[in-house]
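Working notes, beginning with the structure itself.
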Amino acid sequence: MTACGPSIYLANDFRAYAPKHKIVAILPASVTMEMRPNQARNTSPEQRLSMEEKSGADFQEQIFAWLLRRSQQRGYTVQFQNVTETNARLRESGIPLSELRSHTAQELAQLLGVDAVLTTSVRTTKPMSDGAAVAVGLLVGAWGATNQANISVNIQEAEAGKLLWKYDYVAAGSVFSSSASVVDALMRNASKKFPYTPKS
């Protein structure tokens, strides 16, 4: 795998917020798959939406698992809301996953009862070769061979929805067998720079 150097933003006043934050929710990722022309013709809008939502849920689970493991090692100062609870609250609210982006981080944080929300946006270009079309239909190996994956991870606080941390990552020239391998590459880097550490 090759990757461009990540771009990292940390709000100057992050340390003013951090002591007040106890629980962070990890939302399902917003995934956009750009398909080859043949794939686009053979994939219905419903199939594409299903693929993107499945990948978004996979990202959410994998990032949650990564941060739990790293928290044990690094002693993060926040806890992470179990994604099962996060998703249950989202379902109860009646907000479809496809419409999460139309709601502010402030609204979602208050709905989930957390101090901050972690959101992830993923865009892949040419995610599969034409030979992988069957896998697309089966929603298996949905990542296939990709030229590039652009990933952005944001943390926004609950009171005003202010952006506290942003991590942009580009992985290219890889064959992604699953969202787990993408998250592994992302989080190996991002977790080293995760802001909720016990230092001042």
Side-chain angles (χ1 to χ4, degrees), residues 8-33 45-46 48-72 74-124 139 142 150-169 179-180 182-183 186-187 190-191 193-198:
I8 303 169
Y9 164 80
L10 180 67
N12 290 333
D13 57 350
F14 175 82
R15 291 294 165 189
Y17 289 89
K20 298 181 288 185
H21 289 184
K22 304 301 179 188
I23 302 177
V24 175
I26 301 166
L27 296 179
S30 170
V31 176
T32 303
M33 294 180 175
E46 292 77 16
R48 178 182 287 200
L49 179 62
S50 180
M51 275 196 303
E52 291 175 342
E53 289 188 353
K54 178 182 182 298
S55 293
D58 288 345
F59 258 87
Q60 180 193 30
E61 290 275 1
Q62 295 291 335
I63 290 172
F64 175 62
W66 246 101
L67 289 174
L68 283 184
R69 290 195 298 269
R70 278 301 166 102
S71 184
Q72 292 178 332
R74 296 177 178 268
Y76 292 143
T77 59
V78 293
Q79 294 183 321
F80 302 99
Q81 186 176 70
N82 192 296
V83 294
T84 302
E85 180 180 351
T86 300
N87 294 340
R89 291 192 179 209
L90 290 174
R91 282 193 300 273
E92 289 170 5
S93 73
I95 300 175
L97 294 181
S98 59
E99 294 181 13
L100 281 181
R101 282 187 290 184
S102 66
H103 294 266
T104 67
Q106 182 182 12
E107 290 174 328
L108 294 171
Q110 292 173 358
L111 171 71
L112 296 169
V114 297
D115 304 302
V117 292
L118 183 150
T119 60
T120 308
S121 175
V122 183
R123 177 180 292 275
T124 65
L139 306 181
N150 297 68
I151 307 169
S152 180
V153 182
N154 299 330
I155 295 175
Q156 291 167 272
E157 55 86 28
E159 290 183 5
K162 179 178 178 176
L163 178 65
L164 298 179
W165 185 70
K166 181 176 177 63
Y167 186 93
D168 294 320
Y169 182 80
S179 57
V182 186
V183 171
L186 166 72
M187 296 305 293
S191 60
K193 304 294 184 179
F194 197 70
Y196 289 106
T197 53

Which pair of non-hydrogen atoms, one from Ile26 and one from Phe80, has the smallest distance, and what is that distance? CD1-CD2, 4.2 Å

Closest heavy-atom pair and its distance - Trp165, Lys193: NE1-O, 3.5 Å

Side-chain (Ser71) to main-chain (Leu68) donor-acceptor, under 3.5 angstrom: no

Using side chain to side chain contact (heavy atoms under 4.5 Å, CB included), reason through Leu67 and Leu118 one step at a time and then give a plain yes or no. CA-CA 11 Å; Leu67 289 174; Leu118 183 150; 4.1 Å; yes

Above 12 or not: heavy atoms from other molecules or residues under 6.0 Å from CD of Gln79? no

Considering non-hydrogen atoms only, spot the tightest contact between Thr32 and Glu52 and give its length. CA-OE2, 3.5 Å

Does a sphere of radius 6.0 Å around CZ in Arg101 hold more than 12 heavy atoms from other residues, nucleotides or ligands, not counting ones at 6.0 Å or beyond? no

Side-chain donor or acceptor of Gln62 paired with backbone N/O of Ala65 under 3.5 Å: no

Minimal non-hydrogen separation, Tyr17 against Leu164, with atom names: CD1-CD2, 3.7 Å

Heavy atoms only: give me the nearest Gln81-Leu112 pair and the separation to one decimal. NE2-O, 3.0 Å

So Ile95 and Leu111, side chain to side chain contact (heavy atoms under 4.5 Å, CB included) or not? Walk me through it. CA-CA 11 Å; Ile95 300 175; Leu111 171 71; 4.0 Å; yes

Within the 4.5 Å heavy-atom criterion, are Phe194 and Ile155 side-chain neighbours or not? yes

Backbone N or O of Ser152 within a donor-acceptor pair of the Asp168 side chain at under 3.5 Å? no

I'd like to know if the side chain of Glu107 and the backbone of Thr104 have a donor-acceptor N/O pair within less than 3.5 Å. yes

Passes side chain to side chain contact (heavy atoms under 4.5 Å, CB included), Ser55 versus Val122? Steps please. CA-CA 9 Å; Ser55 293; Val122 183; over 6 Å; no

Minimum heavy-atom separation for Thr197 to Arg15, with atom names? O-NH1, 3.2 Å

Can you confirm whether more than 12 heavy atoms, excluding those of Glu159, are under 6.0 Å from its CD atom? no

Taking atom OG1 of Thr84 and atom CD of Glu61, what is their separation to the nearest 0.5 Å? 6.0 Å

To the nearest 0.5 Å, what is the distance between OG on Ser121 and NZ on Lys166? 8.0 Å

Begin with the C-alpha distance, continue with both residues' side-chain angles, and end with the deciding distance and a verdict on side chain to side chain contact (heavy atoms under 4.5 Å, CB included) for Ile151 and Tyr167. CA-CA 8 Å; Ile151 307 169; Tyr167 186 93; over 6 Å; no

